[in-house]
Engineer: 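Before I ask anything, let me first share the structure, which is written out below as structure tokens.
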Amino acid sequence: MSDQEIVRREALGKLRELGVEPYPAAAFPVTTNSAEIKAEFDPEKHPMEDVVLAGRLMSVRVMGKASFAEIQDSQGRIQIYVNRDEICPEEDKTLYNEVFKKLLDIGDFIGVKGRVFLTRTGEITVHVVSLTLLSKTLHPLPIVKVDAEGQVHDAFSDPEQRYRQRYVDLVVNPEVRNTFIQRSKMIRVMREFMSSRGYLEVETPILQPLYGGALAKPFKTHHNTLDMTLFLRIANELYLKRLIVGGFDGVFEFAKNFRNEGMSRFHNPEFTVMELYVAYQDCFWMMDFYEEMIEQVAIALHGSTEVKVGDKVIDFKRPWKRYTMFEAIQEYTGVDITGMNEDELRKTARELHVPIDETMGKGKLIDEIFGTHAEPKLIQPTFITDYPVEMSPLAKKHRDHEGLVERFEVVCNAKEIANAFTELNDPIDQRQRFEEQLALGKRGDTESMVLDEDFLRSLEYGMPPTAGIGVGIDRLAMIMTNSDSIQDVIFFPQMRPEKNIASE
RNA sequence: GAUCUCGUAGCUCAGCUGGUUAGAGCAUUUGACUUUUAAUCAAAGGGUCAUGGGUUCGAAUCCCAUCGAGAUCACCA
């Protein structure tokens, strides 16, 4: 234990000797908070003679018989003024001299009652008349200081510590708190946008006997009572479609999915996707729907359709640019791949220096060419439509073009932020597609889909024409909050276990 | 999984072409101070230099291994 931790533990004992309970049970109902005081206080028009607020003590400047300190609540910080003879009107000055000056530490939760005033330098400050310790801190908080020029000193910046001890990060780095508030607001806007159109928010299984609806490696687990293998879902698509079969017009779910794959600043083993399915619509309707929803998200978060991301400005103002996949490839490589067979595509990919291997089929080759040459250049939100059928086993065949499906992705800041289809509802075609996937699996592609008989049975009972979309919530949150790592938009990103935390 | 970079006090960092007792600021402790705001002034304490091994008269510093993190790549959303 460090000297500072030992000192704090000793302070605990001394507080109890003085009759001050460091962890009182009684409620401390507040009447206001730091932001409200700063917004509403006016010495002439709106004096505040009797306020009660609480928070963490974040800095203390003792000047003999008077002190200034700052407390931080959920809304921010506010300065307090503590005068010895006011909090100790009697002979006994212990509360000020011992408790406040010596036994309180930065980080401790305190509650204060007092009146608001303006200091000589014009800062809105709470003149404390009574002070209560609400919870004692034993672990020292990093002290982050901001000087008059707004320069931050001694920032708590080590990424490992910030992610492992997010609670500290949140206390000490206000912009982190804001990022997560924005993320939450983003989800709320989407939820309200969909709910107000009558779509139903639902929950579907995370533990699945078969993993389907996407191409990925799953986490595997075991249920003891049933003595069976279960998988953590890689997608919820097939369950949401079963609900459309069941007669709902629109269903959506904000779903945690799990994929047992590499980690990077764009990948966390568990991540959040919002999927929506709407009966009697197609993917072209969904383009308009998504565009409008995300434009509203941007406006709700930033008051504008423009969002600053790194050194770029991304504008979500409708309408967004729309390319077919072949158009996008032609735009960025100059090569028209329309009508090419597998050998021609392989040759083209080599000429364009696209990394390929022998297991890749036609669809995957096209996807690689797009991913290498077009996707990195798409910064503004852009719809890419008309994907090859081979890489979209759950999408309906294109109404006009042989070999393509009715599908779009939205690429923004060089990353996919949505994927949507006119859903395949022909059970016989769906069975064939699954079988083609099984064939691909035999060819060596480890990420082909497994055949889900119950899902096929549900389609045989009949699914109406349906539009579906999946939205990567973490990726969208990264853009909307100008974060360059997924770890900055997930409270507790996955980490290897920390050694020796117990022995500390 | 591969490559590169990093790990020194509670926090942020210096020291790294090997060489007295490993330094600084903030934080902590003691003292002074009744309107300060990165408060100030005076003094003090605080370190298995990530872990283990090696080279050397001598290692925070060089080498190897391990653990943890970040970046890039591969797989993917």
Side-chain angles (χ1 to χ4, degrees), chain A residues 1-8 10-11 58-70 77-86 96 101-102 105-107 117-123 125 127 137-165 168 172 214-217 234-235 257-275 355 357 367 371 409-411 415-419 445-447 470-476 478 484-487 493 495-501 504:
Chain A
M1 235 187 320
S2 70
D3 57 336
Q4 296 193 43
E5 289 170 85
I6 293 163
V7 165
R8 287 178 183 220
E10 286 169 359
M58 293 304 279
S59 70
V60 186
R61 295 180 289 277
V62 177
M63 278 153 303
K65 299 181 185 66
S67 300
F68 286 93
E70 279 177 300
R77 290 191 187 187
I78 191 161
Q79 181 168 262
I80 61 172
Y81 173 74
V82 182
N83 185 297
R84 187 192 68 182
D85 296 331
E86 288 197 62
Y96 184 77
K101 275 171 69 175
K102 293 189 181 169
D105 289 294
I106 287 171
F117 76 111
L118 272 181
T119 63
R120 247 185 355 209
T121 52
E123 178 154 353
T125 302
H127 191 129
T137 317
L138 295 182
H139 216 102
L141 222 45
I143 310 292
V144 180
K145 295 202 174 187
V146 181
D147 65 21
E149 284 86 51
Q151 206 85 47
V152 178
H153 297 265
D154 302 333
F156 180 62
S157 56
D158 176 31
E160 181 171 358
Q161 297 219 69
R162 288 186 46 224
Y163 301 145
R164 283 196 199 282
Q165 301 182 49
V168 176
V172 140
L215 305 169
K217 294 187 197 80
I234 58 171
N257 289 345
F258 306 83
R259 296 190 186 174
N260 205 342
E261 292 169 344
M263 289 164 64
S264 78
R265 72 194 180 90
F266 294 104
H267 301 86
N268 195 63
E270 61 181 284
F271 62 103
T272 305
V273 169
M274 193 292 296
E275 293 211 14
D357 65 61
D367 193 39
E409 286 194 2
V410 178
V411 180
K415 283 282 161 188
E416 180 205 319
I417 57 165
N419 181 19
D445 191 337
T446 53
E447 286 176 355
V471 181
I473 292 296
D474 309 289
R475 299 255 177 107
L476 187 59
M478 284 171 68
D484 52 15
S485 170
I486 199 169
Q487 297 175 109
M495 289 262 167
R496 282 206 165 82
E498 192 177 0
K499 297 279 159 144
N500 296 329
I501 185 171
E504 225 185 289

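Heavy-atom basis, side chains included; hydrogens, waters and symmetry copies ignored. Letters go in sequence order (proteins before strands), and every chain restarts at 1.
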Engineer: What's the gap between rC62(B) and rU30(B) when it is taken at their P atoms, as a whole Å value?
Structural biologist: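 The answer is 41 Å between these two P atoms.
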Engineer: Does D3(A) get its side chain close enough to the base of rU28(B), under 3.5 Å, for a donor-acceptor pair?
Structural biologist: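 Donor-acceptor pair under 3.5 Å: no.
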Engineer: Does Q4(A) or Y163(A) map to a spot on RNA chain B nearer the 5' end, using the closest nucleotide for each?
Structural biologist: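 Result: Q4(A).
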Engineer: Hey, does Q487(A) have a side-chain heavy atom less than 4.5 Å from the side chain of R162(A)?
Structural biologist: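 R162(A) does not reach Q487(A) side chain to side chain.
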Engineer: Pick the C1' atom in rG18(B) and in rU55(B), then give their distance to the nearest Å.
Structural biologist: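 rG18(B) and rU55(B) have their C1' atoms separated by 11 Å.
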Engineer: Could you check whether R8(A) gets within reach of a base, just the sugar-phosphate, or nothing at all, counting any heavy atom under 4.0 Å?
Structural biologist: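 Answer is nothing: R8(A) stays at 4.0 Å or more from every strand.
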Engineer: Could you check whether any side-chain heavy atom of P140(A) comes within less than 4.5 Å of a side-chain heavy atom of D105(A), counting everything from C-beta outward?
Structural biologist: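 They are not in side-chain contact.
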Engineer: Check whether any side-chain nitrogen or oxygen of K101(A) sits under 4.0 Å from OP1 or OP2 of rU30(B), and answer yes or no.
Structural biologist: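 Negative; the distance criterion is not met.
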Engineer: Under 4.0 Å between any heavy atoms, over every strand shown, what does G262(A) touch: base, sugar-phosphate, or nothing? Just pick one.
Structural biologist: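 Result for G262(A) = base.
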Engineer: Consider the side chain of E261(A), meaning its heavy atoms from C-beta on, and name the nucleotide among rC75(B), rG70(B), rA27(B) that approaches it most closely.
Structural biologist: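 Taking heavy atoms from C-beta onward, the closest nucleotide is rC75(B).
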Engineer: Would you classify S157(A) as touching base, sugar-phosphate or nothing, given that sugar-phosphate means primed atoms plus P, OP1 and OP2, and contacts are heavy atoms under 4.0 Å?
Structural biologist: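 Result for S157(A) = sugar-phosphate.
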Engineer: I want to verify a distance call: between rA27(B), rC11(B), rU35(B), whose nearest atom is closest to the I143(A) side chain?
Structural biologist: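 The nucleotide sitting nearest to the side chain is rA27(B).
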Engineer: Does N83(A) or Q487(A) map to a spot on RNA chain B nearer the 5' end, using the closest nucleotide for each?
Structural biologist: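 The residue closer to the strand's 5' end, by nearest nucleotide, is N83(A).
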Engineer: Under a 3.5 Å limit for both distances, which nucleotide forms a Watson-Crick or G-U wobble pair with rG1(B), could you say?
Structural biologist: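 Its partner is rC73(B).
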Engineer: What's the CE-P distance between M58(A) and rA39(B), to the nearest Å?
Structural biologist: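 Spelled out: CE on M58(A) to P on rA39(B) is 12 Å.
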Engineer: Please give the distance between the P atoms of rC13(B) and rA71(B) as a whole number of Å.
Structural biologist: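 Nearest-Å result for rC13(B) against rA71(B) at atom P: 16 Å.
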Engineer: Give a yes or no on whether a donor-acceptor pair under 3.5 Å exists between the nucleobase atoms of rU35(B), that is its base, and the side chain of E123(A).
Structural biologist: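 There is none.
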Engineer: To the nearest Å, how far apart are D105(A) CG and rC26(B) P?
Structural biologist: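 Going from CG in D105(A) over to P in rC26(B) covers 18 Å.
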Engineer: Name the pairing partner of rU17(B), where a pair is Watson-Crick or G-U wobble with both distances under 3.5 Å, or state none.
Structural biologist: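 Partner of rU17(B): none.
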Engineer: Whole angstroms only, please: what is the NE2-C1' distance between H127(A) and rU34(B)?
Structural biologist: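 Interatomic distance, NE2 of H127(A) to C1' of rU34(B): 10 Å.
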Engineer: Name the closest nucleotide to the K145(A) side chain, picking from rU12(B), rC26(B), rC75(B).
Structural biologist: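 It is rC26(B).
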Engineer: From the list rU36(B), rU34(B), rG70(B), which nucleotide is the closest neighbour of the side chain of A66(A)?
Structural biologist: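 When the side chain of A66(A) is considered, rU34(B) is the closest of rU36(B), rU34(B), rG70(B).
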Engineer: Choosing from rA38(B), rU34(B), rC26(B), which nucleotide comes nearest the side chain of Y81(A)?
Structural biologist: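 That would be rU34(B).
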Engineer: Where the side chain of S2(A) is concerned, which of rG10(B), rA69(B), rA39(B) is the nearest nucleotide?
Structural biologist: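 Nucleotide nearest to S2(A)'s side chain: rG10(B).
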Engineer: Kindly indicate whether the side chain of D474(A), heavy atoms from C-beta on, has any atom under 4.5 Å from the side chain of I486(A).
Structural biologist: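 Sidechains of I486(A) and D474(A): in contact.
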Engineer: Among I78(A), T119(A), L118(A), whose side-chain contact (heavy atoms from CB on, under 4.5 Å) with T125(A) holds?
Structural biologist: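 Option passing the side-chain contact (heavy atoms from CB on, under 4.5 Å) with T125(A): T119(A).
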Engineer: Go through it in stages, so that I can follow the logic: the residues are I234(A) and N257(A), the test is side-chain contact (heavy atoms from CB on, under 4.5 Å), and I'd like the CA-CA distance, side-chain angles, deciding distance and then a yes or no.
Structural biologist: CA-CA 5 Å; I234(A) 58 171; N257(A) 289 345; 5.8 Å; no
Engineer: Considering Watson-Crick and G-U wobble pairs with both distances under 3.5 Å, what does rA60(B) pair with?
Structural biologist: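 Answer to the pairing question: none, since rA60(B) forms no Watson-Crick or G-U pair.
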Engineer: Is there a Watson-Crick or G-U wobble partner for rA9(B) with both distances under 3.5 Å, and which nucleotide is it?
Structural biologist: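 Answer to the pairing question: none, since rA9(B) forms no Watson-Crick or G-U pair.
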Engineer: Is N419(A) touching bases, backbone alone, or none of the nucleic acid, heavy atoms closer than 4.0 Å?
Structural biologist: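 Since no nucleic acid heavy atom lies under 4.0 Å of N419(A), the category is nothing.
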Engineer: Out of the candidates E70(A), K145(A), Q79(A), only one should pair with S59(A) under the side-chain hydrogen bond (donor to acceptor under 3.5 Å, both in side chains) rule; please name it.
Structural biologist: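 Filter result, single survivor: E70(A).
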Engineer: Taking the same atom, P, in rG15(B) and in rG7(B), what whole-Å distance lies between them?
Structural biologist: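 One P to the other, the span is 11 Å.
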Engineer: Could you tell me how far rU51(B) sits from rU61(B) if I compare only their P atoms? Round to whole Å.
Structural biologist: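 Straight-line distance between the two P atoms is 11 Å.
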Engineer: Base, sugar-phosphate or nothing for F117(A)? Non-hydrogen atoms, less than 4.0 Å.
Structural biologist: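 Touches a base.
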Engineer: Please state how far atom CD in E498(A) lies from atom P in rU51(B), giving the value in whole angstrom units.
Structural biologist: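 E498(A) atom CD is separated from rU51(B) atom P by 15 Å.
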Engineer: Taking rC6(B) as the reference, what is the distance to rU20(B) when you measure between their C1' atoms (whole Å, please)?
Structural biologist: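 It comes out at 29 Å once rounded to the nearest Å.
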Engineer: Mind checking if V62(A) touches a base, just sugar-phosphate, or nothing, with heavy atoms under 4.0 Å?
Structural biologist: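 The residue V62(A) makes base contact.
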Engineer: Measure from CD on Q165(A) to C1' on rG10(B) and round the result to the nearest Å.
Structural biologist: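 To the nearest whole Å, that distance equals 11 Å.
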Engineer: What I'd like to find out is whether the side chain of H127(A) reaches to under 4.5 Å of the side chain of E86(A), using heavy atoms alone.
Structural biologist: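 They are in side-chain contact.
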Engineer: Looking at R120(A) and rU35(B), is any side-chain donor or acceptor paired with a base atom of the opposite kind under 3.5 Å?
Structural biologist: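 Donor-acceptor pair under 3.5 Å: no.
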Engineer: Please state how far atom NZ in K217(A) lies from atom C1' in rG1(B), giving the value in whole angstrom units.
Structural biologist: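 These atoms are roughly 11 Å apart.
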Engineer: In whole angstrom, give me the gap between the P atoms of rA22(B) and rU28(B).
Structural biologist: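 The same atom, P, in both gives a distance of 25 Å.
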Engineer: Do T119(A) and rU36(B) share a donor-acceptor pair, side chain to base, under 3.5 Å?
Structural biologist: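 Yes.
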Engineer: Side-chain contact test, heavy atoms from C-beta onward, threshold under 4.5 Å: evaluate it for V144(A) versus D154(A) and give yes or no.
Structural biologist: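 The answer is no; the side chains never approach within 4.5 Å.
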Engineer: Hey, is the side chain of R61(A) poking within less than 4.0 Å of OP1 or OP2 on rA39(B), counting only N and O atoms?
Structural biologist: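 For rA39(B), OP1/OP2 do have a side-chain N/O of R61(A) under 4.0 Å.
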Engineer: Determine whether a donor-acceptor pair (one donor, one acceptor, N or O, separation below 3.5 Å) exists between the side chain of D154(A) and the base of rG25(B).
Structural biologist: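 Side chain to base: pair found, below 3.5 Å.
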Engineer: Considering only the P atoms, how many Å lie between rA27(B) and rG10(B), rounded to the nearest integer?
Structural biologist: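 One P to the other, the span is 16 Å.
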Engineer: Measure from NE2 on H139(A) to C1' on rC11(B) and round the result to the nearest Å.
Structural biologist: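 About 11 Å, once rounded to whole Å.
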Engineer: Is R265(A) near enough to rU72(B) that one of its side-chain N or O atoms lies under 4.0 angstrom from OP1 or OP2?
Structural biologist: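 Affirmative; the distance criterion is met.
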Engineer: Using 30° and 60° as the class limits, which term best fits the ring planes of F68(A) and Y81(A): parallel, tilted or perpendicular?
Structural biologist: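 The arrangement is tilted - the two ring planes meet at 30° to 60°.
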Engineer: Looking at every strand, decide which applies to Q151(A) at a 4.0 Å heavy-atom threshold: base, sugar-phosphate, or nothing.
Structural biologist: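 Nothing: the residue Q151(A), judged by heavy atoms under 4.0 Å, touches no strand.
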Engineer: If pairing requires Watson-Crick or G-U wobble contacts with both distances under 3.5 Å, which nucleotide is the partner of rC33(B)?
Structural biologist: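 Its partner: none found.
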Engineer: Need one value for D158(A): base, sugar-phosphate or nothing, where a base atom within 4.0 Å counts as base even if backbone is also close, heavy atoms only.
Structural biologist: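 Sugar-phosphate only.
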Engineer: Which is true for R496(A) with a 4.0 Å heavy-atom rule: it touches a base, it touches only sugar-phosphate, or it touches nothing?
Structural biologist: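 The answer is sugar-phosphate, as R496(A) gets under 4.0 Å only of primed atoms, P, OP1 or OP2.
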Engineer: Considering only heavy atoms from C-beta outward, does the side chain of M58(A) approach that of L141(A) to under 4.5 Å?
Structural biologist: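 Yes; the side chains approach each other to less than 4.5 Å.
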Engineer: K65(A) NZ to rG31(B) C1': how many Å, rounded?
Structural biologist: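 After rounding, the gap between these two atoms is 14 Å.
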Engineer: Checking contacts here: which listed nucleotide (rU28(B), rU35(B), rA74(B)) is nearest the side-chain heavy atoms of V7(A)?
Structural biologist: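 My answer, after comparing the listed nucleotides, is rU28(B).
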